[in-house]
Amino acid sequence: ILNVEQSPQSLHVQEGDSTNFTCSFPSSNFYALHWYRWETAKSPEALFVMTLNGDEKKKGRISATLNTKEGYSYLYIKGSQPEDSATYLCASNMDSNYQLIWGAGTKLIIKP
Amino acid sequence: ETGVTQTPRHLVMGMTNKKSLKCEQHLGHNAMYWYKQSAKKPLELMFVYNFKEQTENNSVPSRFSPECPNSSHLFLHLHTLQPEDSALYLCASSQTTLSTDTQYFGPGTRLTVL
């Protein structure tokens with residue numbers, strides 16, 4: 001049985017502040033780590049796919065790092081804006097199979 | 001994004017009803033997926049189709065019946081559901097079924113079973 005854990009479950013951040021949250025996954029047989037951003041009543045939107053240990057990806061003010069040896073990924077948001085309010089999901093593959101194992105998400109609320 | 005569309009967006013049905021959820025992708029992808037999301041739980045994969053062939057059935061009860069007539073359309077037929085089947089049902093597609101391929105999601109159908 002393998003689990004993908006995300007923490008914290010929810011997070012309130014003041015507009016303009018930077019923040020980060022964690023995705024933990026089993027480090028054995030790791031294949032890929034996906035990050036998604038999901039706004040209420042919309043479709044989950046892909047942010048990053050990461051495969052290599054030490055990998056770092058960036059998209060605007062959002063970046064992510066990956067440590068496959070210890071089994072975690074961090075998502076960073078610099079200078080939070082109200083439009084960053086969403087649930088951030090991560091999911092991992094333990095082999096080349098398409099089956100993603102999903103975390104329950106971190107709900108981010110940006111306070112103006 | 002209108003790459004993956006789902007209809008209806010909301011559905012209320014009784015336990016004896018038969019209804020269908022529809023998903024259509026306009027991305028030219030070969031793989032399509034049905035996921036279930038119950039409140040405060042992670043996404044659960046239900047079915048996977050690759051080139052119209054079902055490649056995964058994650059021990060889903062037979063009251064859920066998928067259909068994939070072509071690579072662009074995916075249906076989920078529902079009959080004699082239970083109240084605990086109330087959830088958000090998401091459809092997704094990807095170019096292939098490789099683990100590094102991004103899955104593109106529709107907005108989901110919010111299903112309530114009375």
Side-chain angles (χ1 to χ4, degrees), chain A residues 1-10 22-26 28-53 55 57 59 64 66 68 73 86-107, chain B residues 1-10 23-27 29-51 53-60 87-110:
Chain A
I1 298 175
L2 55 87
N3 286 313
V4 174
E5 305 285 345
Q6 290 189 250
S7 62
Q9 191 173 21
S10 65
T22 308
C23 173
S24 301
F25 53 87
S28 59
N29 299 320
F30 171 82
Y31 221 87
L33 190 285
H34 299 246
W35 279 103
Y36 283 81
R37 178 174 174 276
W38 194 4
E39 288 183 68
T40 303
K42 294 189 177 180
S43 308
E45 173 196 355
L47 290 173
F48 307 113
V49 179
M50 308 176 80
T51 57
L52 300 175
N53 185 45
D55 206 3
K57 300 253 181 172
K59 186 176 182 178
L66 180 67
T68 61
S73 175
T87 295
Y88 291 82
L89 301 176
C90 71
S92 185
N93 300 90
M94 293 299 109
D95 56 32
S96 61
N97 185 291
Y98 43 73
Q99 184 153 339
L100 291 171
I101 308 299
W102 293 82
T106 292
K107 184 172 183 177
Chain B
E1 286 291 336
T2 57
V4 181
T5 57
Q6 289 187 244
T7 54
R9 293 293 304 273
H10 299 272
C23 174
E24 184 173 0
Q25 57 99 357
H26 311 272
L27 300 169
H29 289 165
N30 298 309
M32 295 188 78
Y33 310 78
W34 279 117
Y35 284 93
K36 175 184 179 182
Q37 201 216 14
S38 304
K40 307 218 172 169
K41 288 188 177 179
L43 294 180
E44 300 172 50
L45 181 65
M46 300 175 71
F47 301 104
V48 182
Y49 278 81
N50 193 28
F51 290 97
E53 298 296 320
Q54 188 179 131
T55 56
E56 188 77 34
N57 175 339
N58 258 5
S59 304
V60 180
L88 181 70
Y89 290 85
L90 286 164
C91 173
S93 71
S94 58
Q95 186 63 53
T96 73
T97 54
L98 286 175
S99 61
T100 49
D101 270 10
T102 295
Q103 293 182 20
Y104 293 82
F105 285 84
T109 295
R110 174 70 62 186

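Numbers restart at 1 for each chain; the letters A, B, ... are given by sequence-line order, proteins then strands.
Of the two parts of B/Arg110, neither the backbone nor the side chain holds a non-hydrogen atom closer than 4.5 Å to a non-hydrogen atom of chain A. Only the side chain of B/Gln37 comes within contact range of chain A, judged by heavy atoms closer than 4.5 Å. Of the two parts of B/Asp101, only the backbone, made up of N, CA, C and O, holds a non-hydrogen atom closer than 4.5 Å to a non-hydrogen atom of chain A. Contacts between A/Phe48 and chain B at a heavy-atom distance below 4.5 Å are absent for every atom of the residue.
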Please tabulate, for side-chain N and O atoms in residues 88-95 of chain B, each donor-acceptor pair with protein atoms closer than 3.5 Å (sequence neighbours left out).
from	atom 1	to	atom 2	distance (Å)
B/Tyr89	OH	B/Asp85	O	2.6
B/Ser93	OG	B/His29	ND1	2.8
B/Ser94	OG	B/Tyr33	OH	2.7
B/Ser94	OG	B/Thr96	O	2.6

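In this structure, A/Leu33 CG and B/Thr100 OG1 are separated by 13.0 Å, a value rounded to the nearest 0.5 Å. From A/Trp38, atom CH2 reaches atom CZ of B/Phe105 across 8.0 Å, with rounding to the nearest 0.5 Å. Note that CD of A/Gln99 and OG1 of B/Thr97 are 11.5 Å apart. Values are rounded to the nearest 0.5 Å.
In this structure the side chain of A/Tyr36 reaches within 4.5 angstrom of the side chain of B/Thr102, judged on heavy atoms. At a threshold of 4.5 Å between non-hydrogen side-chain atoms, the residues A/Leu100 and B/Tyr35 count as touching.
The 12-atom threshold is exceeded at CD of A/Glu39, counting heavy atoms of other residues, nucleotides or ligands nearer than 6.0 Å.
Nearest heavy atoms, A/Ala32 versus B/Ser99: CB-O, 3.9 Å. Taking every heavy atom of both residues into account, A/Pro44 and B/Gly106 meet most closely at CD-O, 3.8 Å.
Among residues two or more places apart in sequence or in another chain, the salt bridge (Lys or Arg N to Asp or Glu O under 4.0 Å) test is passed with A/Lys57 by none.
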